[in-house]
2 protein chains.
Amino acid sequence: MTSDKDPTRAHREPPRRPPGETGRPAAVAQAGPGAAPPPDAPGTSDESSTPGTSAAPPTAPPAAPRTTSRDVARAAGVSQAAVSLVLGDKWRGRVSPAKAEAVRAAARDLGYRPNLAARNLRMGRTRTVLLVVPALTTEFYARVYTGAARVAADHGFGVVLYPSPEGIGPARDPFASAAATLDGVLASSMAADALTALRTAGLPLVMLDSDPDDERATATVNLDIAGGVRQLAAHLLGLGHRHLAHLAADVDSWTFALRARTLGAALDEAPGAVLRREPAELSVAAGLHAAHTVLTGPGPRPTALLCDDDILAAGALKAARRLGLRVPEDVSVTGFDDLALAVAVEPELTTVRLPAEEFGEAGMRALLAVLDGGPAAVPALPVELVARGSTAPPAGAGIPSRTGNAARPGGR
Amino acid sequence: MTSDKDPTRAHREPPRRPPGETGRPAAVAQAGPGAAPPPDAPGTSDESSTPGTSAAPPTAPPAAPRTTSRDVARAAGVSQAAVSLVLGDKWRGRVSPAKAEAVRAAARDLGYRPNLAARNLRMGRTRTVLLVVPALTTEFYARVYTGAARVAADHGFGVVLYPSPEGIGPARDPFASAAATLDGVLASSMAADALTALRTAGLPLVMLDSDPDDERATATVNLDIAGGVRQLAAHLLGLGHRHLAHLAADVDSWTFALRARTLGAALDEAPGAVLRREPAELSVAAGLHAAHTVLTGPGPRPTALLCDDDILAAGALKAARRLGLRVPEDVSVTGFDDLALAVAVEPELTTVRLPAEEFGEAGMRALLAVLDGGPAAVPALPVELVARGSTAPPAGAGIPSRTGNAARPGGR
DNA sequence: CGCCGCACGTTATACGTAACACGTCCGGCT
DNA sequence: AGCCGGACGTGTTACGTATAACGTGCGGCG
């Protein structure tokens, strides 16, 4: 007997579903009996009129009673435990091949799908990790996601993506209780402030693009941002530029701080080089404004603008054009990241290509390693300078060094 | 007596916890006694060298034994059920205010977080919905997400974002069993092919930007794309353009098909208007190529290029420049969507602004309505023509209609 | 005076799965 | 002959939560 017949199940179970199956449960469920009153169901007051869309087909799917492993067991003539073993692929010497096949057939016929909620509860693990990214810059992190998701999938993990709040205040932290639903977290340091609740839950946390000494992280994975900045500096110095301006992202983030620091250090070593820093938010408009400020400010006009981001560089391009300056003849402009934008503008941007997908892959590998208990050691990923049309020797320069393209820094 | 003392629990329960409470359960929990051997811990064989980052701090977080509602009950001197009632805010006449407060205090002191996996299993609902978007275009859907997540949060729901596969083949459908983890799905029709498994699970599905008659959807929510296209056509016709070219997104999608259809219809009504269609993938390079083809093709050169997307328009701008054509003097270019890119290029794009956040909000509201059992009726959201510098009367035009800016289509 | 119902709680399940701890044959070894 | 151990399974339990069902005293009403 398969225990499903047991008499102890005297008590009736709760009403499985609200009665309505097709008809009209509409209004009642709305501000229902006692069901968790929606904190406030304001709806921003859009009185809907003229229904332009939507349709409820005749057949309203009436809450299919999911088939459980016990159903499969019954159909295959075995115990529920056997089903679990077979479908879990650990039946080596525990179930006869014949019955195993019967189980698989029954599962297939019934369209059995294991209930993940139950499995998660039982196992205490979910094979799901969270990827937290800043909301601001989407293309780069979209690619990071792609790489991370690929690696995760290869290991049987799913990835939940969370573009960190902005409209959604941290007040309403969506992960207050999510620890039971997640095995680990991969997060950009730029979105780290959204992580307070997750930290306290003690989840493994691998941080991207963050200070290796960050106390919050179990491990960190980085791009070789400093190397990219040095390549950029060498490129411009090699072209003969000495008056530079840095359009610095006005974001409190480790990476951007590192860029500023590295750039400063690189120019300190170059005799006669001067650098002006101008902060700007990460938008085209802000880049335009900052570049305008720098190009029209007092003192000698910079001959090259290093922008922390391709978006800023696009703004700088516009500023130059409005001032009647040609790029790159009158002023050089560089970006960072190598987004699609970099080749959409005219001239195309000299920039630093960040291997976004590889970054995501490396981060996910590190996280999975941590979940396996091993320490995750990951070298900083190399980046690459991509010289395009937005940089050239400055107007007054002789023949700088004989190479117009100093992609290789040459003498250290 | 607080139920933890009950005699009926005669059977020995398995070792409740590995003995350690503070000391060292670390390794044991890892690949513990019999605990689920990791299916395969390959690590994809990247022999890590030169650890550039990562660090395992001295204290390895030893799998914190989560505090349960029973722990809270014990601390507060009540039963577990009472804890559930109090924290679930349904203790109106069931628990004395004093005890209720004690429960809340205990929960706070112990840092209790309800186990979502258990709650989900018990309730059969997760208060979580999935948002499926195409991987290609990120900025637009990032904004859709923002709107959707805001509405969801206001109703106590979480949103899981899934940029539909590409690198991740549909073969490895991440949602094969996720039905138990999700209450519903909001999906762009462009990503609908990733939904096979979800459909079969019978989850409520609200589709964005899709054919209202789509059988797969429980409901649909749309932008007034057709209206936008008509505004665009009226704008260009009003400026005097008669030779138009349509750079059509080479994507099999309802929205794009609708754009083509509507544009054709609009021009059919305009005497003397001719339209050429050129398909292109959604990238700058493809837009460049398609525009080049159209501008250098046989017959009279089009004076206006309607692009299905700002990205394509950026490519068209580049093509015109390379051919020595000025925009908008020699050729007008329009985009669609009004992405950040639209104002990053020179000249800035005349385009159709899609209210992405409102779109996400409307979609989520519709989905939540469906989950509440009500039919979701949503009017198509209005869109807005944004006239910028990339459009002007064609070279040979007299004085088109006296207004250079036909933002208001005039006669319907 | 008897009993209803309210205020206040507690007990007992069940959700669906994974896996531990037992059983039962049966062939083979000492 | 005794019995060990492998093959083949099944029974049972627990994961942590939400809630239906079941008790209690106690004040008031008929």
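Lettering of chains follows the sequences in order, A, B, ..., and the numbering in each one begins at 1. The figures that follow rest on heavy atoms only: side chains count, while hydrogens, waters and symmetry mates do not.
The separation between Leu85(A) atom CG and dA21(C) atom P is 15 Å, rounded to whole Å. Going from atom CG of Asp71(A) over to atom P of dG16(C) covers 9 Å, rounded to whole Å. The nearest whole Å value for the distance from the CZ atom in Arg70(B) to the C1' atom in dA12(C) is 12 Å. Between the CG atom of Asn115(A) and the P atom of dG16(D) there is a distance of 17 Å, rounded to whole Å. Between the CZ atom of Arg92(B) and the C1' atom of dC6(C) there is a distance of 16 Å, rounded to whole Å. Between the CE atom of Met123(A) and the C1' atom of dA14(D) there is a distance of 14 Å, rounded to whole Å. Rounding to whole angstrom units, CZ of residue Arg119(B) and C1' of dA14(C) are separated by 17 Å. Taking atom CG of residue Leu116(B) and atom C1' of nucleotide dC15(D), one finds them 14 Å apart after rounding to whole Å.
Every residue two or more places apart in sequence or in another chain that forms a side-chain contact (heavy atoms from CB on, under 4.5 Å) with Ala81(B) is listed here: Ser79(B). Residues that satisfy the side-chain contact (heavy atoms from CB on, under 4.5 Å) test with Ala366(A), not counting sequence neighbours, are Val206(A), Val221(A), Ala376(A), Val378(A). Residues satisfying the side-chain contact (heavy atoms from CB on, under 4.5 Å) criterion with Thr67(A), sequence neighbours excluded, are Asp71(A), Tyr112(A). Checked against side-chain contact (heavy atoms from CB on, under 4.5 Å), Arg104(B) has the following partners two or more places apart in sequence or in another chain: Val86(B), Leu87(B), Trp91(B), Ala100(B), Glu101(B), Arg108(B).
Along DNA chain D, the nucleotide nearest Gln80(A) and the nucleotide nearest Val83(B) are compared for position; the residue whose nucleotide lies closer to the 5' end is Gln80(A).
The side chain of Leu121(B) lies closest to dG16(C) when the candidates are dG9(C), dT17(D), dG16(C). Among dT10(D), dT17(D), dT12(D), the nucleotide with an atom closest to any side-chain atom of Ala118(B) is dT17(D). Closest to the Ala81(A) side chain, of the nucleotides dG16(D), dG16(C), dG11(D), is dG11(D). Relative to the side chain of Thr68(A), the nucleotides dT19(D), dT17(D), dG16(C) differ in distance, and dG16(C) lies closest. Of the candidates dG16(C), dA19(C), dT10(C), dA19(C) carries the atom nearest the Lys90(A) side chain, counting heavy atoms from C-beta on.
Residues Val78(B) and Val83(B) are in side-chain contact: their nearest non-hydrogen atoms beyond the backbone lie under 4.5 Å apart. With a 4.5 Å cut-off on side-chain heavy atoms, Leu367(B) and Phe157(B) do not count as touching. Counting heavy atoms from C-beta outward, Val129(A) and Leu371(A) have side chains that approach closer than 4.5 Å.
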Polar atom pairs (N or O), protein with nucleotides 22-29 of chain C, under 3.5 Å:
none

* Begin with the C-alpha distance, continue with both residues' side-chain angles, and end with the deciding distance and a verdict on side chain to side chain contact (heavy atoms under 4.5 Å, CB included) for Val159(A) and Met364(A). => CA-CA 10 Å; Val159(A) 178; Met364(A) 184 56 65; 3.8 Å; yes

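Residue Tyr162(B) forms a side chain to side chain contact (heavy atoms under 4.5 Å, CB included) with just one option from Leu131(B), Val133(B), Val132(B), and that option is Val132(B).
End-to-end axis angle for the helix from dC1(C)-dG30(D) to dT30(C)-dA1(D), using five pairs per end and rounding to 10°, comes out at 70°.
Residue Ser96(A) has a polar side-chain atom (N or O) positioned under 4.0 Å from OP1 or OP2 of dG9(D). Neither OP1 nor OP2 of dG16(D) sits under 4.0 Å from any side-chain N or O of Ser69(B). Side-chain N/O atoms of Arg122(A) include none lying less than 4.0 angstrom from OP1 or OP2 on dA19(C). Taking only side-chain nitrogens and oxygens, Ser79(A) comes nearer than 4.0 Å to OP1 or OP2 of dT10(D).
Taking CG of Leu121(B) as the start and CZ of Arg119(A) as the end, the distance is 13.0 Å to the nearest 0.5 Å.
Nucleic acid contact class of Ser84(B) (heavy atoms, under 4.0 Å, all strands): base.
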